[in-house]
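Worksheet: one structure, shown below.
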Amino acid sequence: MSNDKDRVLKEITPKGQDYSQWYLDVVLKAELADYGPVKGCMVIRPYGYAIWEHMQADMDRRIKLTGHVNAYFPLLIPKSFLEKEKQHVEGFSPECAWVTIGGGEELPEPLAIRPTSEAMICSMYAKWVNSWRDLPILINQWANVVRWEKVTRPFLRTTEFLWQEGHTLHETEAEAEEETLKMLQVYRSFSEETLAMPVLFGRKTDSEKFAGALRTYAIEALMGDGKALQAGTSHNLGQHFAKAYGIEFLGRSQERLMPWSTSWGTSTRMLGGLIMTHGDDSGLILPPKVAPYQVVIVPIPPRKGDVNEAVLPKCRELQATLRGAGIRVHLDDRDTQLPGFKYADWEMRGVPVRMEIGPKDLEKQQCVLVRRDTREKAFVPLAGACAAVAERLEAMQRELLERGRSFLEDNTTRVASWAEFKQAMAEKRGFIVGGWCGDAVVEAKIKEETRATIRLIPMEEREAPCVYTGKPGREVFFAQAY
RNA sequence: CGGGAUGUAGCGCAGCCUGGUAGCGCACCUGCUUGGGGUGCAGGUGGUCGCGAGUUCAAAUCUCGCCAUCCCGACCA
């Protein structure tokens, strides 16, 4: 573990706790492992992976609902495949890992470990597509990719990461653009509805767009420290890849045409965004929709000497009832830990609702429900416990998003001058809305002077003079990015 | 690759200036205790002090070299 002092996660470490202890052993269940020369590798422990599985299932459902199917392509990409698209290879070759030896012998051609699969998938598509009747092709892949980054960061920038990448082909430019924007909206709704993480969406500037893309769109979330996180991207690749990989089809009017392609992806970076968005000093706070356990039942043991064997059976009964209602529930019946320890333990793991049941509660036929985010404590009759839990889960999912929304709004500053811009960046960061004249040189200068980059160009155009040059321009969102 | 810093137990650190053969907190193990918010007490396991050389009767400590990592700058989902 080399990134012990990572500031981001330090901020959400419980006060008085040893940061790395919490980070490594308790909550994240994922870490950057360094082994030998490989830095910033991702290790996801079971609890963290369970969160990812829920995210994955939800995203997969959304991808299929929009007409896509899953497939799988090779991990190793021949160098010649990668080199076909000029901008693409220039963009990715600096961060490629190469396999040069196989079976003990030097390979005639080096193989790249996929940094993304456009090259591989387009090479296959070239063989698959002959007619306009073969289009559209709407395929998604769940896979791991490797990018040899110089600077890594837990979850946000790891050498290897898990993601889904969609790769589609369309007959017309309009269809490709529609697909690109459709997937951007899928990402936006996933982020907000499932992760309760509000985002802004829009187009990227040329300097920030994907290597080989015509246009790149993205969703951007705002983290607690005022820095923006690009959480999902959707690219309209134009005909660049079709041309480079020789994908052609015979059109409706018997001409040879090139299809229009798109690609889009979200990764385990979203898991990092989730942790940073909702965490507090006691650890994680998970939105109910992706929480591995939505409820944890903590039985309170009777005092020593007292005889009370009713608590545990009652807990099991409630567990079965909650399960029957489709709620993910865990009964923490460890007799090796005290109740107070269990409270703190599950709070660190971000379980949305805690249910306590002890001898006193049994007498009154009630239980105690505590919400993780607000810590609101309520005594609820056992008969209505299931409904009360469901109600809290629903409320928590909704309120986390609302809280995130107001945080995003409170940390978005509209500026009219360069002085205001610099002041906003120095004081609270967050998103800064201001005019930009469209010049990439100006964009670079702003980055140099303030570390802020243009995160998004909004879909709706609003005229505004450039904050740097004063020339006519349009409104864009600036922020310091991860 | 430029500038700054650090390598001592699984993790976080002290000790180094002023050499004398290694300590604290967390975690882990044992016993008792406690039991509706991280229980308390006592005992215990675990380290060739990053690597190599030099100075010295003696090196975690002083000197030199090497290696590694972290932070700040240029690239990135």
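Here the structure is a predicted model, which is why all the values come from computation and not from measurement.
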query = Rounding to a whole Å, what distance do you find between A/Gln480:CD and B/rG73:C1'?
reply = 13 Å
ask   = Quick one: does A/Gln337 reach the base of B/rG38 with a side-chain donor-acceptor pair under 3.5 Å?
value = no
message = Using a 4.0 Å heavy-atom cut-off, does A/Arg354 contact any base of the nucleic acid, only the sugar-phosphate backbone, or nothing at all?
response = base
key: Proximal nucleotide (of B/rC75, B/rU34, B/rG37) relative to the A/Leu338 side chain   = B/rU34
request  = Please step through side-chain hydrogen bond (donor to acceptor under 3.5 Å, both in side chains) for the pair A/Thr453 and A/Glu443, ending with a clear verdict.
outcome  = CA-CA 7 Å; A/Thr453 50; A/Glu443 185 186 5; over 6 Å; no
query = Has A/Lys209 got a side-chain N or O lying under 4.0 Å from the OP1 or OP2 atom of B/rA77?
reply = no
ask   = Nearest of B/rG37, B/rU39, B/rA77 to any side-chain atom of A/Arg269?
value = B/rA77
query = Who pairs with A/Phe92 by ring pair (Phe, Tyr, Trp, His ring centres under 6.0 Å), at least two apart in sequence or on another chain?
reply = A/His88, A/Phe210
query = If the P atom of B/rG65 is compared with that of B/rG20, how far apart are they to the nearest Å?
reply = 25 Å
inquiry  = At 4.0 Å (heavy atoms only), tell me whether A/Phe161 reaches a base, stays on the sugar-phosphate, or touches nothing.
reply    = base
ask   = Tell me: CZ of A/Phe341 to P of B/rU39, nearest whole Å?
value = 7 Å
request  = Would you kindly check if the NZ (Lys) or CZ (Arg) of A/Arg354 is within the cone defined by 45 degrees around the ring axis of A/Tyr343 and under 6.0 Å from the six-membered ring centre?
outcome  = yes
inquiry  = I'd like the P distance from B/rG19 over to B/rU56, given in whole Å.
reply    = 16 Å
Cation-aromatic face contact A/Lys227/A/Tyr482, 6.0 Å, 45 degrees = yes
inquiry  = Under 6.0 Å from the ring centre and within 45 degrees of the ring axis: does the NZ or CZ of A/Lys84 meet both conditions for the six-membered ring of A/Phe81?
reply    = yes
message = Looking only at the side chain of A/Pro301 (C-beta and beyond, no hydrogens), which of the listed nucleotides B/rG37, B/rC72, B/rG35 gets closest?
response = B/rG35
request  = Assess the pair A/Phe421 and A/Tyr468: is the distance between their ring centroids shorter than 6.0 Å?
outcome  = no
inquiry  = Taking the ring of A/His68 and the ring of A/Trp264, is the distance between their centroids below 6.0 Å?
reply    = yes
message = Output the rounded distance in Å from CD (A/Glu95) to P (B/rA74).
response = 17 Å
inquiry  = Please name the nucleotide paired to B/rU30 by Watson-Crick or G-U wobble geometry with both distances under 3.5 Å, or report none.
reply    = B/rA42
Value in whole Å for how far the P atom of B/rG36 lies from CD1 of A/Ile300 = 7 Å
task = Measure from CD1 on A/Ile219 to C1' on B/rA77 and round the result to the nearest Å.
result = 11 Å
request  = Using atom CD of A/Gln141 as one end and atom P of B/rA77 as the other, report the distance to the nearest whole Å.
outcome  = 18 Å
ask   = For the side chain of A/Val370, counting heavy atoms from C-beta on, which of B/rG37, B/rG36, B/rG73 is nearest?
value = B/rG37
task = Looking at every strand, decide which applies to A/Glu356 at a 4.0 Å heavy-atom threshold: base, sugar-phosphate, or nothing.
result = base
request  = Please state the C1' separation for the pair B/rG15 and B/rG25 - nearest whole angstrom.
outcome  = 15 Å
message = Taking the nucleotide of RNA chain B with the nearest heavy atom to each, does A/Ala481 or A/Gly340 sit closer to the 5' end?
response = A/Gly340
request  = Taking atom P in both B/rA14 and B/rC24, compute the distance separating them and give it to the nearest angstrom.
outcome  = 16 Å
key: Gap in Å between the two C1' atoms, one belonging to B/rA22 and one to B/rC49, rounded   = 8 Å
request  = Compute the centroid of each ring, for A/Trp346 and then for A/His330, and state whether the two points are separated by less than 6.0 Å.
outcome  = yes
request  = Indicate, with a heavy-atom threshold strictly under 4.0 Å, whether A/Lys377 touches base, sugar-phosphate, or nothing.
outcome  = nothing
query = Using purine N1 to pyrimidine N3 plus N6-O4 or O6-N4 for Watson-Crick, or N1-O2 and O6-N3 for G-U wobble, both under 3.5 Å, which nucleotide pairs with B/rU6?
reply = B/rA68
task = Would you mind pulling out the nucleotide paired to B/rC24, Watson-Crick or G-U wobble, both distances under 3.5 Å?
result = B/rG12
ask   = Contact class for A/Pro94 vs. all strands (heavy atom < 4.0 Å): base, sugar-phosphate, or nothing?
value = nothing
Separation of B/rA74 P from A/Glu449 CD (nearest whole Å) = 13 Å
query = Contact class for A/Val298 (heavy atom, under 4.0 Å): base, sugar-phosphate, or nothing?
reply = nothing
key: Partner nucleotide of B/rG19 by Watson-Crick or wobble geometry (both distances under 3.5 Å)   = none
message = By nearest atom, which of the nucleotides B/rG73, B/rA77, B/rG38 is closest to the A/Arg147 side chain?
response = B/rA77
task = In whole angstrom, give the distance that lies between atom NE2 of A/His235 and atom P of B/rA77.
result = 8 Å
request  = For nucleotides B/rC41 and B/rG36, find the distance between their C1' atoms and express it as a whole number of Å.
outcome  = 23 Å
Rounded distance in Å between the C1' positions of B/rA53 and B/rC71 = 30 Å
B/rA60 to B/rC17 separation - P atoms, rounded to the nearest Å = 12 Å
